[in-house]
Amino acid sequence: MTNIAILGFGTVGSGVYEVLTRNGANFCPDINIKHILDLRTFPDHPLADRVTADFDKILNDKKVSVVVETMGGTGAAYKFSLAALQAGKHVVTSNKACVDKYGEELERVAAENGVCYLYEASVGGGIPVIAPLKECFAGDKILRIAGILNGTTNYILTHMQTEGKALQDMVKVAQELGYAEADPHADLAGLDSARKISILAGIAHGRYISYESIPYVEGIEEVTLQDIRLAAEMGCVIRLIAKAVLVGEKLSISVAPHVVAATSMLNSVCEAFNAISVTGDCVGEVMFYGAGAGSLPTAAAVVGDIARVVTGSAKPAMPRKACEEGFIIAENDEEKFITLKNGKKYRYFE
Ligand code: HSE
């Protein structure tokens with residue numbers, strides 16, 4: 001039997017229960033959610049008796065070999081993840097803020113203890129992109145990663161275009177649907193996308209890159225219904241695009257709303273879907289597309305990581321280096337721009 005503990009029983013944590021109940025037997029017939037850490041109680045839930053507010057109960061339970069951190073934030077989530085790894089437990093998470101801020105330390109501590117710190121669900125929701133980037137692109141130099149990495153803003157921009165809805169009205173709906181962050185400012189201001197592109201770029205370029213080192217991050221707050229309409233007149237859409245582009249030996253990283261050309265595959269990415277284009281010097285362009293947010297898609301990615309540790313197919317991470325000063329550059333001279341009929345200038349994605 002494999003005993004696991006889930007830390008945080010919100011949108012993603014409860015989704016992990018759902019997915020394991022539905023499909024857990026596919027990879028491990030004896031998987032058991034032994035503890036659920038949450039300050040709330042869930043009296044009507046079938047696992048109500050497993051809910052505890054005491055993390056030490058989980059830490060000291062030698063039978064728990066996998067800890068699933070779906071709490072969010074970088075306070076208790078970091079502290080508990082570190083303690084679990086030091087105690088020789090694998091940690092699986094969807095928490096990009098924690099991966100971005102403490103990933104270097106947590107991966108190192110995991111490797112020192114012969115366990116894994118896995119975070120497939122931290123980028124792209126249900127889309128498997130981190131494991132492929134770590135494992136399948138080894139034969140490539142990654143020239144560009146570009147994508148729509150935030151489901152909330154994509155959902156909002158889609159509905160502003162199709163229904164003429166106001167941005168703030170759509171934020172509320174995205175929250176109700178479980179797409180938005182606890183503080184949706186992180187979605188709207190591009191910070192969530194920044195964390196995700198920094199995680200992907202770091203893996204692709206063998207370094208730890210913090211989102212705080214990204215020189216240009218702009219969200220969708222200034223995108224108006226008129227901008228969207230004028231872009232649509234040209235067959236284009238406006239989308240929040242995160243990019244990491246290799247320029248010589250340096251990396252240009254940015255997050256910004258772009259006018260996306262009708263010919264681009266990203267043009268048809270609507271609702272809360274994400275799409276990530278990875279271009280290698282040998283393989284060319286590879287596209288990942290799928291549900292970028294929401295309880296079950298994100299939980300499915302978490303459960304995929306649980307399966308990888310339970311079946312032994314995941315190995316502790318290869319060491320990466322710190323990001324040297326000057327490696328991340330502010331602007332890419334090849335960046336293309338377009339001016340809308342109302343005079344507003346946008347970045348242009350073809
Ligand atoms: N708030 C995030 C999004 C959740 O909308 O994409 C998934 O990371």
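Counting starts at 1 for both ligands and their atoms, following the listed order. The structure displayed is predicted, hence computed values, not measured ones.
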In ligand 1, which numbered atoms sit nearer than 4.0 Å to a non-hydrogen atom of Asp187?
-> 1 (N), 2 (C), 3 (C), 5 (O)

From CA spacing to verdict: salt bridge (Lys or Arg N to Asp or Glu O under 4.0 Å), Lys63, Asp61 | CA-CA 5 Å; Lys63 292 195 173 142; Asp61 186 340; over 6 Å; no

Taking only heavy atoms of Lys196, which atoms of ligand 1 are found under 4.0 Å from at least one of them?
-> 2 (C), 3 (C), 6 (O), 7 (C), 8 (O)

Those atoms of ligand 1 less than 4.0 Å from some heavy atom in Tyr179 | 1 (N), 2 (C), 3 (C), 4 (C), 5 (O)

Report the part of Asn150 (side chain from C-beta onward, or backbone N, CA, C, O) that has a heavy atom under 4.0 Å from ligand 1; answer both or neither where that applies.
-> both

Relative to the heavy atoms of Gly292, which atoms of ligand 1 are at a distance of less than 4.0 Å?
-> 6 (O), 7 (C)

Under 4.0 Å from any heavy atom of Thr152, which atoms of ligand 1 are there?
-> 1 (N), 3 (C), 5 (O)

Which ligand 1 atoms, with their elements, are less than 4.0 angstrom from a heavy-atom of Gly151?
-> 3 (C), 5 (O), 6 (O)

Taking the inter-plane angle between the rings of Tyr289 and Phe273 on a 0 to 90° scale, is it parallel (under 30°), tilted (30 to 60°) or perpendicular (over 60°)?
-> parallel

Taking only heavy atoms of Glu181 into account, list the atoms of ligand 1 that are under 4.0 Å away from them.
-> 1 (N), 2 (C), 4 (C)

Do the ring centers of Tyr348 and Phe337 come within less than 6.0 Å of each other?
-> no

Decide if the gap between the ring center of Tyr117 and the ring center of His90 is smaller than 6.0 angstrom.
-> no

Using the side chain to side chain donor-acceptor pair (under 3.5 Å) rule, take Asn342 and Asp227 through it: C-alpha gap first, then chi angles, then the decisive distance, then the call.
-> CA-CA 8 Å; Asn342 60 4; Asp227 299 347; 2.8 Å; yes

Name the orientation class of the two ring planes belonging to Phe9 and His45 (parallel below 30°, tilted from 30 to 60°, perpendicular beyond 60°).
-> perpendicular

